[in-house]
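Presented below is the structure to which this report refers.
Residue numbering restarts at 1 for every chain, and letters A, B, ... go by the order of the sequence lines.
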2 protein chains.
Amino acid sequence: MEFDDKIPIYYQIKNDLYHRIVAGDLAPGEKLPAVRQLAVDLTVNVNTVQRALSEMVTEQVLTSKRGVGNFVTQDTTKITALKQRLSHGYIERLYTQLHALRLSDGEIVAAIQEYMATTNEEE
Amino acid sequence: MEFDDKIPIYYQIKNDLYHRIVAGDLAPGEKLPAVRQLAVDLTVNVNTVQRALSEMVTEQVLTSKRGVGNFVTQDTTKITALKQRLSHGYIERLYTQLHALRLSDGEIVAAIQEYMATTNEEE
DNA sequence: AATAGTGTTCTACTTTTCTATTACACTATA
DNA sequence: TATAGTGTAATAGAAAAGTAGAACACTATT
C-alpha cells in the first residue's frame with residue numbers, strides 16, 4: 001500500500017480498512033489478519049497498525065478479543081452508516097472544493113461525466 | 001482560517017492561495033499582503049507562510065521581488081492550467097474513493113445530484 | 001502444564017512540522 | 001543617505017507521528 005506523506009499513516013490505514021469493509025472485501029464478523037501480520041503487509045510498525053485498529057474499535061466498526069483477534073462488526077447497520085458517512089463526506093468535500101474554484105453545479109456534473117467518459121475510453 | 005491538524009499548515013495555506021487565485025479573488029499581477037502580515041492574518045509563523053509562498057514561486061504561480069513583495073503570476077495560462085490541475089485532481093480522488101465503496105458511475109452522478117438538490121433546498 | 005498465537009502497553013529514539021527569534025538583503029522614498 | 005517596508009535565511013526548541021524493541025495479558029491447543 002502506498003502512503004501519502006502529508007497524512008498520518010495510521011489515518012490512511014483506517015481509511016483503507018473502512019473501504020475494504022464497506023466494499024464487502026472484509027465481511028461482517030470476519031477476522032482480520034493478526035496485527036503483526038498487518039504490520040508486515042503494510043511495511044509499517046505494529047504500533048501504527050494498533051493505533052488505527054484501536055480507534056476503529058472505539059468507533060465500533062471493529063471488535064477486539066484479546067488473545068484471539070480483531071473482527072469486523074457483525075452489526076451491518078454500522079457498516080451501512082459508515083458507507084453513508086464516507087460517501088457523503090467525499091461528495092461534500094468535492095463540492096466545496098469545486099465551488100471554491102467557481103464551478104457551478106452544472107459544470108461540476110459535466111466535469112465528472114467528462115472525466116468518466118475519458119477514463120472509461122482509455123481502458 | 002481554520003486548519004486541519006492532519007495536514008501540514010503550509011500545505012493548507014498553499015491550497016487556500018491556489019483557490020483564491022483561480023477564483024480571481026487574487027488577480028493576475030496582484031500583490032499579496034506582506035509575509036509578516038499574512039502570518040498575522042493566519043495566526044501562523046512567518047516561516048510557515050514563507051514555505052508555502054516559496055514553493056508557489058518555484059511552481060511559477062507566484063513571483064517574488066525581494067524588498068518589494070510577492071505577486072500573482074501575470075501568465076494567465078499558468079492560472080488556467082492550475083485550475084485544470086486542481087479540479088481534475090479533486091474529481092479523480094472522488095471517483096477513486098467512491099469506486100472503492102463500490103458505487104457505479106451512474107450511482108456516483110446520482111449521489112452528487114442528490115447532494116446538490118438537498119443542499120440548495122436548505123438555503 | 002506448556003506453548004504458540006494473539007492483542008496491548010510502554011519506553012526510547014528519529015524525523016517532520018511548526019514556532020520563536022534574530023539577522024541579513026534588497027527596494028522605495030523621504 | 002537614512003529609514004521603513006519588504007523578502008530571505010538560519011538557529012534553536014517544542015510537539016506530533018512513526019519506528020524499534022521489549023514486555024505483558026489472554027486464549028486455544030496440545
Side-chain angles (χ1 to χ4, degrees), chain A residues 1-18 20-21 26-75, chain B residues 1-18 20-21 26-75:
Chain A
M1 179 176 172
E2 291 171 11
F3 296 106
D4 178 347
D5 67 0
K6 295 281 183 304
I7 303 170
I9 293 175
Y10 80 90
Y11 199 80
Q12 297 182 58
I13 292 173
K14 274 181 70 173
N15 265 288
D16 181 55
L17 289 174
Y18 282 154
R20 288 162 66 181
I21 291 169
L26 290 169
E30 183 172 345
K31 185 181 176 211
L32 270 59
V35 287
R36 289 171 184 78
Q37 186 58 48
L38 279 172
V40 170
D41 295 347
L42 300 167
T43 56
V44 138
N45 190 271
V46 179
N47 294 324
T48 308
V49 172
Q50 187 63 25
R51 177 160 183 187
L53 297 192
S54 68
E55 289 193 5
M56 293 176 77
V57 169
T58 302
E59 296 163 10
Q60 300 182 313
V61 173
L62 298 181
T63 59
S64 175
K65 291 185 196 162
R66 195 187 190 107
V68 183
N70 287 292
F71 300 83
V72 177
T73 180
Q74 297 212 344
D75 183 349
Chain B
M1 179 177 172
E2 292 171 12
F3 296 106
D4 177 348
D5 67 0
K6 295 277 185 308
I7 302 170
I9 293 175
Y10 79 91
Y11 199 80
Q12 297 182 60
I13 292 174
K14 274 180 70 174
N15 265 288
D16 182 55
L17 290 174
Y18 282 155
R20 289 163 65 182
I21 291 169
L26 290 169
E30 184 172 344
K31 186 183 175 210
L32 298 179
V35 287
R36 289 172 183 78
Q37 186 58 48
L38 279 172
V40 170
D41 295 347
L42 300 167
T43 57
V44 137
N45 191 269
V46 180
N47 294 325
T48 308
V49 172
Q50 186 63 26
R51 177 161 182 186
L53 297 191
S54 68
E55 289 192 5
M56 292 175 78
V57 169
T58 303
E59 296 163 9
Q60 300 183 313
V61 173
L62 299 181
T63 58
S64 175
K65 290 184 196 162
R66 195 187 189 106
V68 183
N70 288 292
F71 301 83
V72 177
T73 180
Q74 297 212 346
D75 183 350

Exercise. With sequence neighbours left out, what residues match A/E30 under side chain to side chain donor-acceptor pair (under 3.5 Å)?
Worked result: none

For this session: Please report, rounded to the nearest Å, how far the P atom of C/dA28 is from the NZ atom of B/K31.
Result: 11 Å

Exercise. How many Å lie between CG on B/L32 and C1' on D/dT8, as a whole number?
Worked result: 16 Å

Problem set entry | Any residue meeting side chain to side chain donor-acceptor pair (under 3.5 Å) with B/S64, in chain and number order, not counting sequence neighbours | B/N70

For this session: Take atom OH of A/Y11 and atom C1' of D/dA16, then tell me their distance rounded to the nearest Å.
Result: 16 Å

Problem set entry | Where protein sits on nucleotides 19-30 of chain D, one letter per nucleotide: B base, S sugar-phosphate only, - none, heavy atoms under 4.0 Å | BBB-B-BBS---

Exercise. Has A/K65 got more than 12 heavy atoms of other residues, nucleotides or ligands less than 6.0 Å from its NZ?
Worked result: no

Exercise. How many Å lie between CZ on A/R51 and P on C/dT9, as a whole number?
Worked result: 14 Å

Problem set entry | Residues which pass side chain to side chain donor-acceptor pair (under 3.5 Å) with A/Q37, listed by chain and number, not counting sequence neighbours | A/D41

For this session: Could you tell me whether the side chain of B/I21 reaches within less than 4.5 Å of the side chain of B/T73, counting heavy atoms only?
Result: no

For this session: On DNA chain D, check which nucleotide each of B/D5 and B/V57 is closest to and give me the residue with the more 5' one.
Result: B/V57

Exercise. Taking atom C1' of C/dT17 as reference, at what distance in whole Å does atom NZ of B/K14 sit?
Worked result: 15 Å

For this session: Measure the distance from CZ on B/F71 to P on D/dT6 and round it to the nearest whole Å.
Result: 11 Å

Side chains of residues 48-55 of chain B: which donor-acceptor partners sit under 3.5 Å, not counting sequence neighbours?
{"unit_1": "B/R51", "atom_1": "NH2", "unit_2": "B/Y10", "atom_2": "OH", "d": "3.3"}
{"unit_1": "B/S54", "atom_1": "OG", "unit_2": "B/Q50", "atom_2": "O", "d": "3.2"}
{"unit_1": "B/S54", "atom_1": "OG", "unit_2": "B/R51", "atom_2": "O", "d": "3.2"}
{"unit_1": "B/E55", "atom_1": "OE1", "unit_2": "B/K14", "atom_2": "NZ", "d": "2.8"}

Exercise. For B/D16, which residues count as a salt bridge (Lys or Arg N to Asp or Glu O under 4.0 Å) partner, sequence neighbours excluded?
Worked result: B/R20

For this session: Using whole Å, report how far CD1 of A/I7 lies from P of D/dA16.
Result: 19 Å

For this session: Let me know the distance between CG of B/L38 and P of D/dG5, rounded to the nearest Å.
Result: 16 Å

Exercise. Does C/dG7 have OP1 or OP2 sitting under 4.0 Å from an N or O in the side chain of A/N70?
Worked result: yes

Problem set entry | Nearest-nucleotide comparison on DNA chain C, the residue closer to the 5′ end among A/S54 and A/K6 | A/S54

Exercise. Counting only side-chain N and O atoms of A/S64, is one of them less than 4.0 Å from OP1 or OP2 of C/dT8?
Worked result: yes

For this session: Please determine, for the side chain of A/Q50, which listed nucleotide (C/dT17, C/dT6, C/dT8) has the closest atom?
Result: C/dT8

